[in-house]
Amino acid sequence: MSSPVLHDRLSCHPWMDPQRARLPGLSPIKEADWLLRDGRYGEQMALRERLLCDARDDVFQRAPAVEPEADAVSTVLLDCVLRILKADPGFIGAENLSTIATPDGRLIDPDKDHPLVTLGRLVQEDFAILTPEEAGHYRLIAGLICFPASWTLAQKIGRSLTGLHGPVTAYDAGLAARLNRIFAALRPGILVTRANVLIYADPDLYQPRAEGESKPLPAGGPRYVRVERQTLYPVDVPSVARAIVFSIHTSVVTAARLAAYDPQAFATLRAQRPGLFEDDY
């Protein structure tokens, strides 16, 4: 599915922040800064609507054995997001939980679909829900992922953090243990964020790939810089142990655009990723 939605600017430049150089590169944020609505809201939401219509089983999944837990967390998460949207004048109706008019003119009934699907129709973020299991390990029990960056929910659902990051070379046992400790220490109201930067040969937001399947490498022509702003949002649910919601806001620019609006950021990224930016911009 061709899905180019290009931004004028990236949501952040994580490679410019020394604090994020060492994995996992987390930093605290306020809840008010959690959800982003940028200038490509309308285009991204139109794509999300198409994906939820044409590829619903690919972008929305729950682990079969724990669907009640996934549903309980999703319901609380939707309530949290609606509470935040009450303060956003672009969303009309969120304040009384009625049908919500979105900034791009769509009408969303919060009670019409699964809470995660409703979230996917309201905000630009993708969401993954993780809950603790034995030995303090966290496991992915549900997800609404419209913009996967070379992975699929079908392969990841039900896996632990280690299993989720299996193909990532830098994700070793030490980092896995550290992340599980961080997850366990998070409390409602305490949010942390990080970001990924990825180089792609094309700008499509929907790029599902199986493990071991290589993505096309940039080789001549346009190159695209993709940033995922990722946030960990802890949620307490009465019938479930504390869940961690992993949200992802994705933005994509051409390398030429990055070079034009922030030459220093582009030069730094070019130096960090030798061989991917050989042309002059």
Scanning both residues in full, the closest heavy-atom pair of A265 with W15 reads O-NE1, 2.8 Å
Checklist entry - Quick one: are I248 and F147 in side-chain contact, heavy atoms under 4.5 Å? => result no
Under a 3.5 Å distance rule, please check whether R229 uses its side chain to pair with a backbone N or O of E125 as donor and acceptor.
no
So OH of Y41 and OG1 of T102: to nearest 0.5 Å the spacing works out to 4.5 Å
Output for pair (D58 CG, I145 CD1), nearest 0.5 Å, gives 12.5 Å
Sorted by chain and residue number, the ring-ring contact (aromatic ring centres under 6.0 Å, His included) partners of F60 (sequence neighbours excluded) come out as H114
Next on the checklist: Between Q44 and Q124, does the side chain to side chain donor-acceptor pair (under 3.5 Å) criterion hold? Intermediate values first, please.
Outcome noted: CA-CA 7 Å; Q44 284 201 357; Q124 288 172 263; 3.1 Å; yes
* **Evaluation steps, side chain to side chain contact (heavy atoms under 4.5 Å, CB included), between Y224 and L6** => CA-CA 9 Å; Y224 300 90; L6 292 172; 3.8 Å; yes
Worksheet item: T131 versus E69: any side-chain heavy-atom pair under 4.5 Å?
Response: no
In terms of heavy-atom contacts, S150 and R209 come closest through OG-NH1, 3.0 Å
By side-chain contact (heavy atoms from CB on, under 4.5 Å), V76 pairs with (sequence neighbours left out) C80, V235, V237
Distance col, row R194:CZ vs E228:CD, nearest 0.5 angstrom, shows 9.0 Å
Contact between T193 and D33 at the side-chain level, heavy atoms closer than 4.5 Å - yes or no? no
Fill in: Presence of salt bridge, R56 and D113, under 4.0 angstrom
yes
For E49, the salt bridge (charged side-chain N to carboxylate O under 4.0 Å, His left out) test, sequence neighbours excluded, returns R106, R121
message: I want to check something: taking the side chain as every heavy atom from C-beta on, are Q207 and D202 in contact at a cut-off of under 4.5 Å?
response: yes
_Intermediate values then yes/no, side chain to side chain contact (heavy atoms under 4.5 Å, CB included), R273 and V197_ = CA-CA 11 Å; R273 304 292 176 97; V197 56; 3.3 Å; yes
Tell me whether E31 is salt-bridged to R83, with the criterion being a basic N under 4.0 Å from an acidic carboxylate O.
yes
With sequence neighbours left out, the residues meeting ring-ring contact (aromatic ring centres under 6.0 Å, His included) with W34 are Y233
Given salt bridge (Lys or Arg N to Asp or Glu O under 4.0 Å), test D126 with R48 step by step and report yes or no.
CA-CA 10 Å; D126 283 330; R48 296 171 78 84; 3.0 Å; yes
Discussion item. A cation-pi test, strictly: NZ or CZ of R242 under 6.0 Å from the centre of the six-membered ring of Y138 and no more than 45 degrees from its axis. Yes or no?
Written reply: no
Any heavy-atom pair between the side chains of Y200 and V252 that's under 4.5 Å?
no
Applying ring-ring contact (aromatic ring centres under 6.0 Å, His included) to H7 and not counting sequence neighbours gives none
| Does a side-chain N-to-carboxylate-O contact under 4.0 Å join D8 and R40? | yes
For D88, the salt bridge (charged side-chain N to carboxylate O under 4.0 Å, His left out) test, sequence neighbours excluded, returns R37
Value for CD1 (I84) from CG (D79), rounded to nearest 0.5 Å, stands at 11.5 Å
Q.
With a 3.5 Å distance limit and no angle check, can you tell me whether D109 reaches the backbone of D111 through a side-chain donor-acceptor pair?
A. yes
dist L82:CG -> L119:CG (nearest 0.5 Å) comes out at 7.5 Å
Heavy atoms of V225 and L258 approach each other most closely as CG2-CD2, 4.1 Å
Next on the checklist: A quick test of your reading: do over 12 heavy atoms of other residues, nucleotides or ligands sit less than 6.0 Å from CD of E213?
Outcome noted: yes
Looking only at heavy atoms, the pair that brings F246 and L130 closest together is CB-CD1, 4.0 Å
task = Let me see the working for L85 and I100 under side chain to side chain contact (heavy atoms under 4.5 Å, CB included), right down to the final yes or no.
result = CA-CA 10 Å; L85 295 185; I100 300 171; 5.5 Å; no
Could you walk me through whether I129 and S74 satisfy the side chain to side chain contact (heavy atoms under 4.5 Å, CB included) test, starting with their C-alpha distance in whole Å, then the side-chain angles of each, then the deciding distance to 0.1 Å, before giving a yes or no? CA-CA 8 Å; I129 294 174; S74 300; 3.4 Å; yes
> Would you say Q264 and M16 make side-chain contact, with heavy atoms under 4.5 Å?
Replying inline: yes
In terms of heavy-atom contacts, L144 and G120 come closest through CD1-CA, 3.7 Å
**Prompt:** Do V227 and C12 have side-chain heavy atoms sitting under 4.5 Å apart?
**Reply:** yes
Nearest heavy-atom approach of P234 to R187 is CG-O, 3.0 Å
Fill in: Side-chain heavy-atom pair L36, S11 within 4.5 angstrom cut-off
yes
